[in-house]
Asks: 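Please find one structure pasted underneath; my questions will follow.
Note that the numbering runs from 1 along the sequence shown for the chain. Counting starts at 1 for both ligands and their atoms, in listed order.
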Amino acid sequence: MNRTRIISVLTENYIGKTVTVCGWVRSKRESKGVAFVALNDGTSQDTLQLVIPDTASAFKELHCINTGAAIRAEGLIKKSPGKGQSCELEVNGITVYGNADAEKYPLQKKGHTLEFLREIGHLRPRTNTFGAVFRVRNILSDAVHEFFQKRGFIWVHTPIITASDCEGAGDLFTVSSLDFEKLPMHENGDIDFSHDFFGKRAFLTVSGQLEAEFLALSLGDVYTFGPTFRAENSNTSRHLSEFWMIEPEMAFADLTDDIKLAEDFVQYLCSKVLEKCEKEIAFFQKFYKNTSIEELKDLAEKPFTRITYTQAIEELEKAKKAEFEFPVKWGLDLQSEHEKYLTDNIFKGPVVVTDYPKEIKAFYMRLNEDGNTVAAMDVLAPKIGEIIGGSQREERLDILKNRMTDASVPVKSMEWYLDLRRYGSAPHAGFGLGFERLVQYITGMPNIRDVIPCPRTPQHIRF
Ligand code: 4AD
Ligand code: MG
């Protein structure tokens with residue numbers, strides 16, 4: 001089927017050319033013997049205006065077309081005399097592929113709430129908002145690969161089904177082919193996973209890091225970009241049970257290299273959105289007011305503030321206690337309200353917090369000289385909080401073993417991880433960027449459920 005995309009018609013010079021476009025009708029109106037149809041095909045923030053004089057044979061077909069119909073239109077592209085568009089299509093012929101029931105089509109012209117649109121997740125990509133979100137998501141995904149490929153990182157594919165719990169937080173989904181009606185049991189009442197598909201218990205991955213570590217300790221600099229799963233019961237505007245994570249891992253690198261990579265990465269992604277999605281960002285700026293071109297320019301250019309966890313606690317203690325619901329005390333984890341206070345009120349921009357107490361971070365993070373803190377770093381973004389979590393990894397065998405024992409990590413099943421410290425161990429570091437949190441930050445969408453096509457959250461799964 002030969003068709004021209006509407007983005008091409010609107011951004012390249014098509015005036016005087018005959019084209020065929022296909023798309024969905026956003027609206028239709030008639031005035032003084034001429035009908036106008038606004039057509040969108042998902043490629044552009046803007047619609048193409050179709051103009052059909054009542055003398056044209058296509059005018060007859062137009063009467064039966066409703067908002068939401070899928071059509072094909074042929075005609076001549078002309079300079080538009082009207083406001084709001086530079087060109088329009090003078091229609092010669094129309095084909096209606098599928099009309100829409102005018103009474104029942106849920107996307108009427110009036111604005112809908114994001115909550116309502118979540119209930120019609122299969123139709124919401126046809127709206128201005130979700131078209132923009134998914135186009136921005138596409139540009140960002142592409143830019144991820146561009147960034148790492150330009151720097152010589154090797155794209156590795158870590159598994160989705162795994163036997164290990166990377167974060168040690170226990171928020172894992174079990175993957176099983178056992179018959180739930182007839183579960184094999186041990187005498188003590190536990191399920192006997194030796195009868196399961198893999199001969200032992202398996203999970204959906206929470207992070208590709210552990211596997212990325214052995215690939216980095218062979219290939220140098222690597223990255224993964226894949227779905228990750230967490231069965232944590234968090235019903236917030238920034239948690240999903242299935243989300244995408246980008247995880248670079250670098251051999252012969254320390255925490256400073258890691259922070260630099262994270263800053264360059266976020267800035268690169270941001271600059272690509274500014275370059276390729278100006279219309280979409282302008283739309284978010286106008287209708288949601290949580291992002292702006294100026295803010296993104298700042299983000300793409302200004303260095304991030306860097307502070308240690310200890311300094312962060314000092315800053316937060318200076319703030320009035322009444323500001324926070326959760327306590328601020330050295331040794332306790334930063335809550336989202338504390339993170340936002342640092343980015344939005346104190347430093348007014350992204351903040352990298354380093355050197356957290358070892359008790360609140362994962363076993364694999366490198367122990368600092370002080371024996372109390374680890375070489376961790378979190379990148380906090382205004383309005384969102386944590387978008388990146390990373391660290392230099394513990395490369396010293398004995399210290400790592402002790403940390404695993406302290407954190408009750410099953411050392412026996414992790415011998416392969418310890419081997420990396422036995423044979424040619426090397427300093428290495430990496431991080432994980434939560435892709436949806438970044439899309440949320442850049443678009444200013446208030447809820448993470450609105451930046452992924454099919455959100456999975458506790459008690460909710462569709463499609
Ligand atoms: O801080 P996290 O748990 O770090 C890791 O998983 C490391 N293994 C990464 C690494 O060093 N390779 O998660 C990383 C990021 C968070 O900063 C956050 O942006 C995102 O993943 N994230 C979530 N995003 C959406 N929904 C959730 N439930 C998330 N949990 C974490
Ligand atoms: Mg984290």
Asks: Please give the atom name: the N, O or S atom of E386 nearest to the Mg ion (ligand 2).
Replies: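 For E386, the N/O/S atom sitting closest to the Mg ion (ligand 2) is OE2.
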
Asks: Please compare L240, D171, V379, I384 and report which has the shortest non-hydrogen distance to atom 28 (N) of ligand 1.
Replies: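 Comparing heavy atoms across L240, D171, V379, I384, the nearest one to atom 28 (N) of ligand 1 lies in L240.
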
Asks: Check each atom of ligand 1 against the heavy atoms of Y364 and keep those under 4.0 Å away; list them by number with element.
Replies: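 Near Y364, the atoms of ligand 1 are 7 (C), 8 (N).
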
Asks: Is N372 reaching over with its side chain to a backbone N or O of K358, donor-acceptor style, under 3.5 angstrom?
Replies: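 No, because the side chain of N372 does not come within donor-acceptor range (under 3.5 Å) of the backbone of K358.
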
Asks: Could you tell me which atoms of ligand 1, counted from 1 in the order shown, lie closer than 4.0 angstrom to a heavy atom of I388?
Replies: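 Those atoms are 17 (O).
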
Asks: Polar-atom distance check: I387 versus ligand 1, any N or O pair below 3.5 Å?
Replies: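 Right, the criterion is met.
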
Asks: Side chain or backbone, does E249 bring an N or O within less than 3.5 Å of an N or O on ligand 1?
Replies: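 The answer is no, given that E249 and ligand 1 share no N or O pair closer than 3.5 Å.
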
Asks: Give me the nearest non-hydrogen protein atom to atom 17 (O) of ligand 1 as residue plus atom name, then the distance to 0.1 Å.
Replies: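 Answer, as residue, atom name and distance: E386 OE2, 2.6 Å.
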
Asks: Side chain, backbone, both or neither: which part of E232 has a heavy atom under 4.0 Å from ligand 1?
Replies: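 Only the side chain of E232 comes within reach of ligand 1.
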
Asks: Tell me the protein heavy atom at minimum distance from atom 15 (C) of ligand 1, and give that distance in Å.
Replies: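 Here the nearest protein heavy atom works out to G432 O, 3.6 Å.
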
Asks: Counting only heavy atoms, tell me which of F243, F229, F431 gets closest to atom 27 (C) of ligand 1.
Replies: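 Among F243, F229, F431, the closest heavy atom to atom 27 (C) of ligand 1 comes from F243.
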
Asks: Could you tell me which atoms of ligand 1, counted from 1 in the order shown, lie closer than 4.0 angstrom to a heavy atom of R238?
Replies: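 Close to R238: 25 (C), 26 (N).
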
Asks: Under 4.0 Å, heavy atoms only, figure out whether ligand 1 is touched by the backbone of R393, its side chain, both or neither.
Replies: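 Contact part for R393 vs ligand 1: side chain (C-beta onward).
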
Asks: I need the atoms of ligand 1 closer than 4.0 Å to a non-hydrogen atom of S207, numbered in the order shown.
Replies: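 Listed by number with element, the hits are 6 (O), 8 (N).
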
Asks: Which ligand 1 atoms does E247 reach within 4.0 Å, using its non-hydrogen atoms?
Replies: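 Within the 4.0 Å cut-off of E247, ligand 1 contributes 8 (N), 9 (C), 10 (C), 12 (N).
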
Asks: Quick one: which ligand 1 atoms are inside 4.0 Å of a heavy atom on G389?
Replies: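 By the 4.0 Å cutoff, the relevant atoms are 1 (O), 9 (C), 10 (C), 11 (O), 17 (O).
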
Asks: Check the pair E211, Y417 against side chain to side chain donor-acceptor pair (under 3.5 Å), reporting the backbone distance first and the verdict last.
Replies: CA-CA 9 Å; E211 294 88 356; Y417 191 69; over 6 Å; no

Asks: Heavy-atom distance to atom 2 (P) of ligand 1: which of R230, M245, M377 wins?
Replies: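 The option holding the nearest heavy atom is R230.
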
